[in-house]
> 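My questions will all concern the structure given below.
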Amino acid sequence: MVEIENLKKRFGPFTAVQDVSFEVKKGEVLGFLGPNGAGKSTTMKMITGFLTPTAGRVNVAGFDIETEPQEVKRRIGYLPEGAPAYPDMTPLEFLDFIAQIRGYQGKEKQQRIDKTIEQINLQSVLNQSIETLSKGFKRRVGLAQAILHDPEVLIMDEPTDGLDPNQKHEVRSLIQSMAAEKVIILSTHILEEVDAVCSRAIIIANGRVVADGTPENLEARAPLHNAVTLTLNAEQSQAASIRQQLLSLKDVKKLEKLEESDNNLRYRLVPERRCSIISEVSKLSHAQNWSVAELHVAKGRLDDVFRQITT
Amino acid sequence: MLDTYNIGVLFKRELNSYFATPIAYVFIVIFLFLSGIFTFYLGNFFANGQADLRAFFTYHPWLYLFLIPALSMRLWAEERKTGTIELLLTLPISVIEAVLGKFLAAWVFTGIALLLTFPMWITVNYLGSPDNSVIFSGYLGSWLMAGGFLAIGSCVSAMTKNQVVAFVITAVVSLLFILSGLPMVLDFFSGWAPQLLVNAISSFSFLSHFNAITKGVIDLRDLVYFLSLIAFWLFAATLIIETKKAD
Ligand SMILES: Nc1ncnc2c1ncn2[C@@H]1O[C@H](COP(=O)(O)OP(=O)(O)O)[C@@H](O)[C@H]1O
Ligand SMILES: [Mg+2]
């Protein structure tokens, strides 16, 4: 549905986007991750036809952005960073304008507007000028504008930036409710958001794609993925032998002492190649009749992967 | 390539936006006030002893020189400043449609301000029996000239997000277009330059064409002059926006 090939953007001597390629299909929610200045917004501006790429191709639903920009723009709903809107208009006037420019007239236009207002919960501010709205409502107006024509492709640049936790939750629910029948691309630097709504994540750093996969997939790349934390009620005198046995288990690469006091031995076992070692550890404990106070597997955190890849 | 529906939708939004803010009212009040002052005091309307609006129209180029840049400076600069340009240009419209929609709204708005000077027209008709066809061409000429100023302003506004800069540059460029027709400028050239050059300079001037129209003769050449001037500056505005959307 959306195909990006070797996209590149130069601003004077500075290259903001080096080489970005990916493909997104209907039903996917793609999260664009990356530190500030990575090139996320620039990439989105090229997909939506605002910026002309220095090189590369953007194809949306079979239409090329360079040769048929209007066809592409018709199929995209776009929430630019900061959700710009005409400050002297009211949300109602603004949505009416957008609906007209999207080609709706008369009764159909009214239905579209009403439906969007309900979807986004804008009823309470419809006739207040946009410049007087709170940040949360401004963002909602931007979202309303983007989904009014029920686009096949929805592109949102930091849709939850600056919102409070409740508002964030609302926006995420909205995204989830639309996910099945659209292509959704959103950028964020809030990693929990990726877990919450994205079926796929692409990490961009310095204008390049440095990782691409499902969130689980990426999490599995975390340094401590599948590490096991084990706490035993055992005498300190046994500690050396216990450590010895744990280390001799298959695929255990490293053992970190977290605590060693009487009746409380706490270790972290880091596996080779992040593979699963929990059953081995559990079997050993059983066989040795150790009294296990805690046995816990760490899941990789996107945070760690993100930091590892982008720094 | 040009979708008049899109232009119409944009035109309506823009025209409404003038009246949603104080801009429209401030502009109209100042325009009416100044044209009154110029006509009655500087133009010696009553002392003239003639029932026409020549005194009124004579000062329009100078009035527009300051008022039109104030109107046109926000056309694109404001879209850049608020970031709405990104919204506008990712909607299914082309840049030229956006340029035209905005320009036409501003042009029609100045037309409205101009029409609101109708008490002048009533006054001269009350005082005497003027040639109303001359007055009509005066209004037409003035409106065409306003379009010329606005087209220059659109283009300059497209270059910057700073409205003060847009104002100043527009006023300076407009001034050049007025000055090139003033007798003192033309005299300066006619002393030594070939007549062809003098004619060329004069033919680029707003004043020559405007004065010709206000005399009551609507010559096709004057119409073509203003319309092609508008087309040229709007085309330049389109190119500028196409090439530098982002900054
Ligand atoms: N119009 C522009 N002119 C020059 N540099 C720009 C422009 N827009 C963005 N950049 C630069 O390009 C880089 C990428 O920016 P951006 O795509 O906004 O990053 P992100 O959205 O990932 O934070 C940044 O270093 C930014 O300063
Ligand atoms: Mg950004």
Side-chain angles (χ1 to χ4, degrees), chain A residues 9-12 16 41-42 44-52 60 63 65 68-90 93-105 109 129-131 138 141-142 145-146 148-149 151 153 155 157, chain B residues 1-27 74-102 105 109 161 163 238-247:
Chain A
K9 182 68 189 178
R10 228 185 271 134
F11 294 112
S41 298
T42 306
M44 291 183 149
K45 284 173 190 180
M46 289 191 279
I47 302 175
T48 53
F50 181 57
L51 291 179
T52 312
V60 175
F63 296 100
I65 190 77
E68 288 167 292
Q70 310 301 18
E71 292 300 326
V72 172
K73 290 173 181 180
R74 256 190 265 287
R75 287 167 175 76
I76 291 183
Y78 178 39
L79 173 69
E81 194 167 11
Y86 294 103
D88 48 341
M89 293 180 111
T90 66
E93 291 166 348
F94 182 60
L95 292 181
D96 193 85
F97 164 66
I98 297 289
Q100 288 183 47
I101 243 354
R102 293 280 183 194
Y104 298 107
Q105 281 170 302
K109 180 184 80 176
S129 75
I130 290 174
E131 64 191 331
K138 264 188 200 147
V141 171
Q145 160 277 125
L148 185 127
H149 58 302
V153 179
I155 298 181
D157 201 348
Chain B
M1 189 189 88
L2 276 184
D3 189 333
T4 49
Y5 172 82
N6 286 345
I7 297 174
V9 173
L10 272 173
F11 169 82
K12 262 191 297 172
R13 195 212 80 75
E14 285 284 319
L15 193 58
N16 283 335
S17 86
Y18 286 111
F19 294 97
T21 57
I23 296 177
Y25 307 101
V26 171
F27 183 90
R74 46 185 289 289
L75 280 178
W76 287 97
E78 184 142 297
E79 297 266 356
R80 281 193 201 283
K81 209 182 84 204
T82 58
T84 45
I85 188 169
E86 190 170 350
L87 184 87
L88 186 64
L89 298 184
T90 52
L91 289 169
I93 57 166
S94 63
V95 173
I96 188 144
E97 288 161 2
V99 167
L100 282 173
K102 276 173 170 289
F109 175 72
K161 68 169 87 171
Q163 301 198 12
T238 307
L239 286 186
I240 287 171
I241 294 166
E242 293 268 16
T243 52
K244 50 172 291 192
K245 291 175 191 170
D247 9 70

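The structure displayed is predicted, hence computed values, not measured ones. Residue numbers start from 1 in every chain, and the chains themselves are labelled A, B, ... in the order their sequence lines are given, proteins ahead of strands. Every heavy atom of this structure was used, including side-chain atoms; hydrogens, water molecules and symmetry mates were not.
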> Would a distance-only check, ignoring hydrogens and angles, find a side-chain to backbone donor-acceptor pair under 3.5 Å from B:Glu242 to B:Val95?
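No: the side chain of B:Glu242 does not pair with the backbone of B:Val95.
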> Using modelled atom types only, decide if a donor and an acceptor are shared between the side chain of A:His149 and the backbone of A:Arg75 within a distance under 3.5 Å.
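Side chain of A:His149 to backbone of A:Arg75: no pair is present.
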> Quick one: what part of A:Glu131 sits under 4.5 Å from any heavy atom of chain B, side chain, backbone, both or neither?
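When you check distances to chain B, no heavy atom of A:Glu131 falls under 4.5 Å.
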> Going by the side chain to side chain contact (heavy atoms under 4.5 Å, CB included) test, name the single residue among B:Arg74, B:Lys161, B:Lys102 that passes it with B:Glu79.
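Option passing the side chain to side chain contact (heavy atoms under 4.5 Å, CB included) with B:Glu79: B:Lys102.
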> Could you tell me which portion of A:Leu79 (side chain, backbone, both or neither) has an atom closer than 4.5 angstrom to a non-hydrogen atom of chain B?
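When you check distances to chain B, no heavy atom of A:Leu79 falls under 4.5 Å.
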> Parallel, tilted or perpendicular: which describes the rings of B:Tyr18 and B:Phe109, with under 30° parallel and over 60° perpendicular?
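B:Tyr18 and B:Phe109: parallel rings.
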> Could you verify whether a donor N or O on one side chain and an acceptor N or O on the other, from A:Tyr78 and B:Glu86, lie under 3.5 Å apart?
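Indeed, the side chains of A:Tyr78 and B:Glu86 share at least one donor-acceptor pair under 3.5 Å.
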> Measure B:Glu78 against the heavy atoms of chain A and call it side chain, backbone, both or neither at under 4.5 Å.
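When you check distances to chain A, no heavy atom of B:Glu78 falls under 4.5 Å.
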> Less than 4.5 Å to any heavy atom of chain B: does that hold for the side chain of A:Gln145, its backbone, both, or neither?
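Just its side chain gets close to chain B.
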> Against chain B, work out which of A:Asp88, A:Ile101, A:Thr48 has the most heavy-atom pairs shorter than 4.5 Å and name it.
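Greatest number of close heavy-atom pairs with chain B: A:Ile101.
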> Heavy-atom distance under 4.5 Å to chain A: side chain of B:Thr84, backbone, both or neither?
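B:Thr84 touches chain A through backbone and side-chain heavy atoms alike.
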> Can you name the nearest heavy-atom pair linking A:Lys73 to B:Leu89, along with the distance?
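Taking A:Lys73 first and B:Leu89 second, the nearest heavy atoms are NZ-O, 2.9 Å.
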> What residue in A:Ala85, A:Pro80, A:Ala146, A:Gly77 has the most heavy-atom pairs under 4.5 Å with chain B?
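Most heavy-atom pairs within the cutoff with chain B belong to A:Pro80.
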